[in-house]
Amino acid sequence: MHIVTHLQILVWCSRSGFTVELIHRDSPKSPLYDPNSTPSSRIRAAAERSRYRAVYFHDAIRKARLSSAAPPVDDANNFYSEITPNTFEYLMSFYLGTPANKVLAIADTGSDLIWVQCVPCNECYTQSAPLFDPQSSSTYKTIPCNTISCSLLPQSSCSSSSQCDYQYGYGDKSIVEGYLSAETIGFDSTGGRPVQIPTILFGCTHTSNGTFDKNDAGLVGLGGGKLSLIRQLGSTIGNKFSYCLPLSTETSATSQLNFGTNAVVSGSNVITTPLISGSPDTFYFLSLEHISVAGKTVAVGKPMQEKESAQGNIIIDSGTTLTLIDDNTLKSVESNVKSSISLPQVQDPNGVFNLCFDVSGTGASTQFPEITFQFSGGASVVLQLPNAFVEVGQNILCLAMISSGATADSINIFEMAHSSYSFAISLFMLLIATPLPILVWCSSSGFSVELIHRDSPKSPLYDPDSTPSSRIRAAAERSRSRAIYFRDAIRKARLSSSALPMDDANNFYSEITPNTFEYLMSFYLGTPSNKVLAIADTGSDLIWVQCVPCKECYTQSAPLFDPQSSSTYKTIPCNTDSCSLLPQSSCGSSSQCDYQYGYGDKSIVEGYLSTETIAFDSTGGRPVQIPTILFGCTHQSNGAFDKNDAGLIGLGGGKLSLIRQLGSTIGSKFSYCLPSSTETSATSQLNFGSNAVVSSSNAVTTPLIFGSPDTFYFLSLEHISVAGKTVTVGNPIHAKESTQGNIIIDSGTTLTLIDDNTLQAVESHVKSSISLSQVNDPNGVFNLCFDVSGTEASAQFPDITFQFSGGASVVLQQPNAFVEAGQNIVCLAMISSGATADSINIFDMTRSSYYFTIFLFILSAATHLPNLVWCSSGGFSVELIHRDSPKSPLYDPNSTPSSRIRAAAERSRSRAIYFRDAILKAHTSSSSLPMDDDSNFYSEITSNTYEYLMSFYLGTPANKILAIADTGSDLIWVQCVPCKECYPQSAPLFNPQSSSSYKTIACNTDSCSILPQSSCDSSSQCYYQYGYGDKSIVEGILSTETIGFDSTGGRPVQIPTTLFGCTHQSNGTFDKNDAGLVGLGGKLSLIRQLGSTIGSKFSYCLPSSTQTTATSQLNFGSNAIVSGSNAVTTPLISGSPDTFYFLSLEHISVAGKTITVGKPMHAKASTQGNIIVDSGTTFTLIDDNTLQSLESNINSSINLPQVKDPNDVFNLCFDVSGTGASTQFPEITFQFSGGASVVLQQPNAFVEAGQNILCLAIISSGSIADSINIFGNIAQQNFHIGYDLASMQLTFAPTNCATI
């Protein structure tokens, strides 16, 4: 089974949901049902289980806080106890394996690992249901012990067969032991649609003992830990699950466990509370603020699990029947309950509960008060009589809470398993369903909302009496204020503010300078909804509105928002992660998160950070609701705000902005398209999600640069050109570091601002290219203005090009670069931001026709890492050409099979030496080695040892290049002009000066640091030098360029801003037909650079070398998915260097005889794989001892005459001149970890070395101590081989590669 994603995907659409049935242990449907049990006996048993459960939680939390590195693995007390046996409450059925076996197991929110008992099960507890037999399932795979999956276990060890052993111990010394494995799990969904989930991690238990019940067939962990079903399903169910538990008296009612969209909880009575991160992460911690009984409040003690302030103080659990709280809190609750009920007290006949009442009197039940659990975030969970009291005997009701012990050693548990929890679980469901705000509509779609310019007739700020001149003056003033805000914010972000007092408004991060905004947008806030018209600002983060009560607030025309009138409003506590996102915050008297934002003119807004439902009227006609959005409810403000400023929506890059909060639900994409300011009737739109995707033949892209503060969108402006004359851009205040962008793109600034020197140079070039009369600006704003009263005067204005990094040339036509400042007066619409050293450059997006310009911004925002011009969710394929193919420039029509064999063997051995040396270097510190020693450099390939070529296009305009395609290399490189002392190359060299999209990389950048060795050249460019085993070298400049491919799907593919090496010096044994190399392994490789745009997937299918007319393909993205009933999967093992693809080869078998594989030099570390899979090596290489055993077993299974290899390459050859001789050759199976059996038929394992001579195509890599094992490309032929780097899986599927 091919693994498409590291977290498993559902066979049905992952954007949907499904529901499975939950069975209470005391239900008639349960195998534990006892028809002779009484309510009293069930109560006693439930109390005992609840106490055991508390002990388990207590011990697990303690252990999580203590170091357990030293205890030996054979001590059961050291292992993380998943549950105390037989304390569970609910069961669920599922299917395991292929074909499917039905299993009835415990469903437990306090556990992680899914486990069942498996055949063989020695010393196991007796189980009624049949044990699971992994050998009978075609989809069962064991997990190796040196994998990431194995490391997720709290304790693990290695078995003799290198499988991942687990052992879980419980409080009563019960244990389960077995192998961590992967298997297909299925569910009968209540929606009638069966659900299958491939490759779920689970424990196959082979040893167990203790107090388990014969009806315990296994366990499904639903906790928060990494191995739980919930965490493994992850994004495929939107990280959501829920359940709704009926009253325990309703024995015929069905409980349901819901996943994905089925788990979304909504309604007017829904409340939400944060889940608190705790240790261990298995448990779901909440923060219980207090308990109230009939209006009297009881403070909650601080139990042992809340010794750290950030820890929740109560666990919510489906596996505990009764609620447990510490002694002191319980006594106070009992006292308040007792004082509010005028019924006779009686003893509990079961000896479980402290407080019981005689309810034999008429209407007695009406006297019981509501008990409210007040959780953080304003979540009041009201427990009615059936939730808080339990019937323990005839006419006896008791308070269903028991003690968890003294406060200092207690564990509080909020039980979800007793009585009617439709309301209580609604709290839990919404909490799990929406840890981050989600959209009510499908998140894969998009929506758009209207933007209103402040000077538009639709705006409340519209002044019909304003003139173009007055608007220009106001815009200039706002632009300059905006620049000061940006400058100060950047300065503050670079200074430590930890010592500054909270009451100084200057210390706070200024979101905007009041009244400098440009666009408004409307939205709805609260339930019921209130329409708000607010500022839309890309230079701000926090969303805020003025709220009731608002003391000392600026006057606002629109009604203030009243949070008390909204059922969905919640305040955020001050010690939460959400509160910590604020640049400055404090604790209010009620422990709410207080914020205070100050502005440059001493204006401030203060209030509470809160959550609320926000909604938009989408231009698509579909209303959009977003629950639980963080926003600021402002209760105090003053300063220069306008009465029409009702609030603000931050669209910046900071964590509290609308964009960042929506995140993956809109694909982290937004865009806008601003019409010309003269087009007053035109509508602007703010687009989200799929609506924000920008594509066009004239679209250009530039990277967004990470800067400080992260609110602002920084770009890298390389130069400005006017009528072909280039102006260098000064290095402003915010670009003192070379990795910092030097200009901010902003929707809230009207005019473009650049530093004095750059502006003067631009004005000079503009002036020299226009033969019109200069005039003064009547508004006193602009330096350079012209009289355009003459006929065709406007035709004289030159284009001004802003050249951004990544080859993005943004051409400003007259309406974008010039503004009408008065009758027949047109001025250059750029103003000074000050001296270079103290300036802030801003690229304005608000003036004139920015349809083209905004394409730049949109595409950049949508794709921070280089993306494909076509849809990144698709795939593409390119042709691979074998070096000996007639299509190859290296093809020699005079070569013979024997000569090709000899050459391939030589290349394979050279390749092994390269791998060996690279691994040795990766394990040796080279920090002290001099830069000029060729031996120090990381050898990408040994010259001329490659096997496959691929063609691609480089630059703009495009140059076609035929280069090596190599899974054992990372850097993409070509030879470039000028190339001094270079090896001769048949094809023309690449000329970077002729490409408009070529850019060099600076030497102190993150990109440069990825190189294994680099230095700075005289112009501060990133210089690389790669050395090879034969002293061949390539040297040059690390650069970026646009790369393109002819896709076999007929759709050309372009990848902008790809890192590659522009080689300017080389020497050695390179072939004249080697035009460069495309690395397919390591951080600088094509694969890793494409990353998520291809889902980190690529594949190839190599036809037999005898099929000379067949075409090979290199597939990317969705085209690279390998599937089929005969596909097998093995983990890719992380190794050093990360360029190579390591696997774990467990053994080789021939005709049923198994051969142990030696441990080569590169697998000395237990976590290292022991074989490299490589497309650039022809033959498979294994160590001497393993090869000798393999040859011996093959020799004994073939009764053909042995002959010498005429080429002196292979050890074992046979005479196949006899009739039917070829049928005698056995299959050779390479058994990789994860249960992947790769069966090599004769064409994969044997090669024709001469007429009627077949030889074993496996050669020696040397002695074990010095060997390197390689799975070569002959063995890979006619397998579709898929690499999934997201899941670190490699899939083999036997395929006729000539037909795909």
Side-chain angles (χ1 to χ4, degrees), residues 3 6 141-152 156 158-164 180 182 911-923 966-970 1080-1083 1085 1087-1088 1096 1098 1128-1148 1155-1177 1180-1183 1185-1187 1229-1238 1258 1261-1262 1264-1273 1275-1276 1279 1281-1292:
I3 311 303
H6 178 60
K141 301 287 182 296
T142 56
I143 299 297
C145 57
N146 53 359
T147 58
I148 294 173
S149 297
C150 189
S151 70
L152 299 178
S156 63
C158 259
S159 72
S160 58
S161 56
S162 298
Q163 293 169 313
C164 180
L180 186 66
R911 190 83 170 171
I913 293 169
Y914 150 60
F915 282 135
R916 183 198 65 195
D917 291 348
I919 291 167
L920 280 172
K921 288 180 185 176
H923 289 279
D966 188 23
T967 56
S969 303
D970 52 14
L1080 302 174
K1083 295 185 180 70
S1085 71
I1087 306 304
R1088 292 286 290 273
S1096 296
F1098 76 101
V1128 294
T1129 301
T1130 185
L1132 286 168
I1133 310 297
S1134 297
S1136 185
D1138 63 0
T1139 306
F1140 308 152
Y1141 294 111
F1142 292 96
L1143 304 180
S1144 178
L1145 176 61
E1146 295 177 348
H1147 60 260
I1148 302 170
I1155 299 161
T1156 303
V1157 179
K1159 194 171 187 181
M1161 59 82 68
H1162 58 107
K1164 295 304 181 189
S1166 61
T1167 56
Q1168 184 81 40
N1170 63 349
I1171 193 166
I1172 295 167
V1173 62
D1174 179 43
S1175 70
T1177 305
T1180 293
L1181 290 92
I1182 51 178
D1183 68 88
N1185 290 349
T1186 305
L1187 181 59
T1229 301
F1230 277 58
Q1231 183 66 47
F1232 295 102
S1233 61
S1237 300
V1238 179
I1258 301 175
S1261 59
I1264 296 177
D1266 200 43
S1267 69
I1268 194 82
N1269 294 341
I1270 305 174
F1271 194 66
N1273 65 48
Q1276 298 175 51
F1279 283 94
I1281 300 177
Y1283 295 71
D1284 186 344
L1285 305 190
S1287 63
M1288 287 297 286
Q1289 303 272 1
L1290 186 77
T1291 299
F1292 296 87

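Across Tyr1283 and Val1173, no two heavy atoms sit closer than the pair OH-CG1, 3.8 Å. Residues Gln1289 and Leu1132 approach most closely at O-CD1, 3.7 Å, considering heavy atoms. The minimum heavy-atom distance linking Lys1083 with Asp1138 is given by the pair NZ-OD2, 2.7 Å. What you find for Ser1237 and Thr1229 is that their closest heavy atoms are CB-CG2, 4.0 Å. In plain terms, the two heavy atoms of Met1288 and Ser1134 that are nearest each other are CE-OG, 4.0 Å. The nearest pair of heavy atoms linking Pro144 to Ser1233 is CG-CB, 2.9 Å.
Sulfur atoms SG of Cys150 and Cys145 are positioned 2.5 Å or more apart.
In summary, the aromatic rings of Phe1232 and Phe1271 are positioned with their centroids under 6.0 Å apart.
Here Ser162 contributes atom OG and Asn1170 contributes atom CG; the two are 8.5 Å apart, rounded to the nearest 0.5 Å. For the atom pair CG of Leu180 and SG of Cys164, the computed distance is 4.5 Å after rounding to the nearest 0.5 Å. Taken to the nearest 0.5 Å, the CD1 atom of Ile1148 stands 4.0 Å off from the CZ atom of Phe1230. Atom CD1 of Ile1133 is separated from atom CG of Leu1143 by 7.0 Å, given to the nearest 0.5 angstrom. One distance of note links CD1 of Ile1155 with CG of Asn1185; it measures 11.5 Å at 0.5 Å rounding. Note that CD1 of Ile143 and OG of Ser151 are 11.0 Å apart. Values are rounded to the nearest 0.5 Å.
In this structure the side chain of Leu1290 never reaches within 4.5 angstrom of the side chain of Phe1142, judged on heavy atoms. Ile1182 is listed as a side-chain neighbour of Ile1258, based on a closest heavy-atom distance under 4.5 Å.
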Open item on the list: Evaluate Thr1291 against Asp1284 for side-chain contact (heavy atoms from CB on, under 4.5 Å), listing each step before the verdict.
Closed with: CA-CA 8 Å; Thr1291 299; Asp1284 186 344; over 6 Å; no
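A donor-acceptor pair under 3.5 Å is absent between the side-chain atoms of Asp970 and the main chain of Thr1139, judged by distance alone.
Looking at Thr967 and Asp1174, their side chains do bring a donor and an acceptor atom within 3.5 Å of each other.
Leu1145 pairs with exactly one of Thr1130, Val1238, Thr1186, Ile1171 by the side-chain contact (heavy atoms from CB on, under 4.5 Å) rule, that one being Ile1171.
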